[in-house]
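Before any comments, here is the structure.
Residue numbers count from 1 along this sequence.
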Amino acid sequence: MRLRNKPWAKDFMAEHPDMLIMEPESSKGKWAEVFDNKSPIHIEVGTGKGQFVIGMALANPDINYIGIEHFDNVVVSALEKAIEKDKPKNLRLLRANGENLESIFEKSEIDRVYLNFSDPWPKTRHEKRRLTHENFLLKYEGILKPGGEIHFKTDNRSLFEYSLVSMTDYGMKLLAVSLDLHANMPEDNILTEYEEKFSSKGQPIYRLEAQYQNREK
């Protein structure tokens, strides 16, 4: 997907340091202080334009949410949405790369990871870029509390099947698996932009919840 250049993005983001954090490494181990509470912290890796993470923050005021996005031209759209919703106090956006999670969060600092409509990277030579590859599963485990969970949604069946195998092989426990989420949609399901787009075309949405288990490292 080609991203439209927004030359004003950096200046606009710099005007809202209370919502969008440009250098999140400085907050490692201090995210409870950033939110000024000890509520659980859930992160979305690859938050896109922010519809999901903002919706979750509004629906669950007793949970802190962090949306992580690598591209300025995308995260600025999430920032605009957050401002329209009066900047929920339990929400922060990060301009960061998901590969650097261990530089941003301390061990056991996070309670849950959301992965929504991640790039499928279909070519075999790009397998290690998939956000459900074992290398990323190791990164998530490093920042999650014991028994932490990953909640994953996608429209790509191949990526979903790959993720089921990857997480199972890693030793994770599958708590929930849906091959057509919208056929019996949970009342608390918050849609992403991509989810709205694909489901409106009749395309099934796949979803899973997986939990880390104690294991020898």
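Annotation: the span from Asn189 atom CG to Met185 atom CE amounts to 5.5 Å, rounded to 0.5 Å. Remark: Leu101 CG to Glu109 CD distance equals 11.5 Å, nearest 0.5 Å. Annotation: the span from Phe52 atom CZ to Phe117 atom CZ amounts to 10.0 Å, rounded to 0.5 Å. The line from CG of Leu94 to CD1 of Ile68 is 5.0 Å long, rounded to the nearest 0.5 Å. Considering OG of Ser103 and CD of Glu25, their distance stands at 6.0 Å, rounded to 0.5 Å. The distance from the NE2 atom of His42 to the CG atom of Leu144 is 9.5 Å, given to the nearest 0.5 Å.
A 4.5 Å side-chain heavy-atom check between Leu91 and Met19 finds at least one atom pair inside the cut-off. With a 4.5 Å cut-off on side-chain heavy atoms, Leu164 and Phe152 do not count as touching. Counting heavy atoms from C-beta on, the side chains of Leu138 and Glu141 come closer than 4.5 Å. The closest side-chain heavy-atom distance from Val53 to Leu93 is below 4.5 Å. The side-chain heavy atoms of Trp31 and Asn64, taken from C-beta on, include no pair separated by under 4.5 Å. With a 4.5 Å cut-off on side-chain heavy atoms, His151 and Glu149 count as touching. Two residues are said to be in side-chain contact when any heavy atoms from C-beta on lie closer than 4.5 Å; Asp169 and Glu134 fail this criterion. In this structure, Glu44 and Ile66 have side chains that are not in contact, with every pair of non-hydrogen atoms separated by 4.5 Å or more.
Minimum heavy-atom separation, Leu208 to Ser163: CD2-CB, 4.4 Å. Annotation for Ile54 and Ala82: closest pair CD1-N, 3.5 Å, computed over non-hydrogen atoms. The two residues Trp121 and Arg130 have their closest heavy-atom pair at O-NE, 2.9 Å. Nearest heavy atoms, Pro24 versus Ile104: CB-CG2, 3.8 Å. Looking at every heavy atom in both residues, Pro146 comes nearest to Ser108 through CD-OG, 4.0 Å. Between Met167 and Thr132, the closest heavy-atom pair is CE-CG2, 3.7 Å.
Side-chain N or O atoms of Gln211 include none that pairs as donor or acceptor with a backbone N or O of Lys173 at under 3.5 Å. A donor-acceptor pair under 3.5 Å is absent between the side-chain atoms of Gln213 and the main chain of Met172, judged by distance alone. Formation of a donor-acceptor pair under 3.5 Å by the Glu69 side chain with backbone atoms of Val74 is not found in this model. Looking only at distances, a side-chain donor or acceptor of His133 sits under 3.5 Å from a matching main-chain atom of Asn135. Not one N or O on the side chain of Asp111 forms a donor-acceptor pair closer than 3.5 Å with the backbone of Pro40. Distance alone, capped at 3.5 Å, places no donor-acceptor pair between the Ser118 side chain and the Leu115 backbone. For Tyr65 (side chain) and Leu58 (main-chain N/O), no donor-acceptor pair under 3.5 Å exists by modelled atom type. At least one donor-acceptor pair closer than 3.5 Å links the side chain of Ser200 to the backbone N or O of Lys197.
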Determine whether Val45 and Val113 satisfy the following criterion, side-chain contact (heavy atoms from CB on, under 4.5 Å), listing intermediate values before the conclusion. CA-CA 7 Å; Val45 181; Val113 172; 4.1 Å; yes

Take Ile21 and Arg95 through the test side-chain contact (heavy atoms from CB on, under 4.5 Å) and record every step on the way to the result.
CA-CA 6 Å; Ile21 300 174; Arg95 164 57 172 87; over 6 Å; no

Check against side-chain contact (heavy atoms from CB on, under 4.5 Å), Val76 and Trp8: CA-CA 10 Å; Val76 72; Trp8 50 269; 3.6 Å; yes

Evaluation steps, side chain to side chain donor-acceptor pair (under 3.5 Å), between Glu161 and Ser158:
CA-CA 5 Å; Glu161 292 174 349; Ser158 294; 5.2 Å; no

Decide yes or no on side-chain contact (heavy atoms from CB on, under 4.5 Å) for Tyr114 and Ile150, but give the supporting numbers first.
-> CA-CA 6 Å; Tyr114 290 97; Ile150 294 177; over 6 Å; no

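For Asn184, the CG atom counts as loosely surrounded, since its 6.0 Å shell holds 12 or fewer non-hydrogen atoms of other residues, nucleotides or ligands.
Between Lys153 and Glu195 there is a salt bridge, since a side-chain N of the basic residue sits under 4.0 Å from a carboxylate O of the acidic one. Salt-bridge formation is not detected for the pair Lys49/Glu193: no Lys NZ or Arg NE/NH1/NH2 atom is positioned less than 4.0 Å from an Asp or Glu carboxylate oxygen. Comment: Arg129 does not engage Asp119 in a salt bridge, judged by the lack of any side-chain N to carboxylate O separation of less than 4.0 angstrom.
Counting only N and O atoms by type, the side chains of Glu99 and His70 include no donor and acceptor under 3.5 Å apart. Side-chain polar atoms of Tyr206 and Asn156 form no donor-acceptor pair below 3.5 angstrom. If you check the side chains of Thr124 and Glu127, you find no donor sitting under 3.5 Å from an acceptor.
Taking hydrophobic clusters as Ile, Leu, Val, Met, Phe, Trp and Tyr residues chained together by side-chain heavy-atom distances below 4.5 Å, Ile63 does not share a cluster with Leu175. Criterion: ILVMFWY side-chain heavy atoms under 4.5 Å apart, direct or through other members. Under it, Phe160 and Leu174 are part of a common hydrophobic cluster. Transitive grouping of hydrophobic side chains (ILVMFWY, heavy atoms separated by less than 4.5 Å) keeps Leu131 and Val165 in distinct clusters. Placement of Leu159 and Val177 within a single hydrophobic cluster is found when ILVMFWY residues are connected by side-chain heavy-atom separations under 4.5 Å, directly or transitively.
Figure legend: cation-pi geometry between Arg92 and Phe35, with NZ or CZ positioned under 6.0 Å from the six-membered ring centre and within 45° of its axis.
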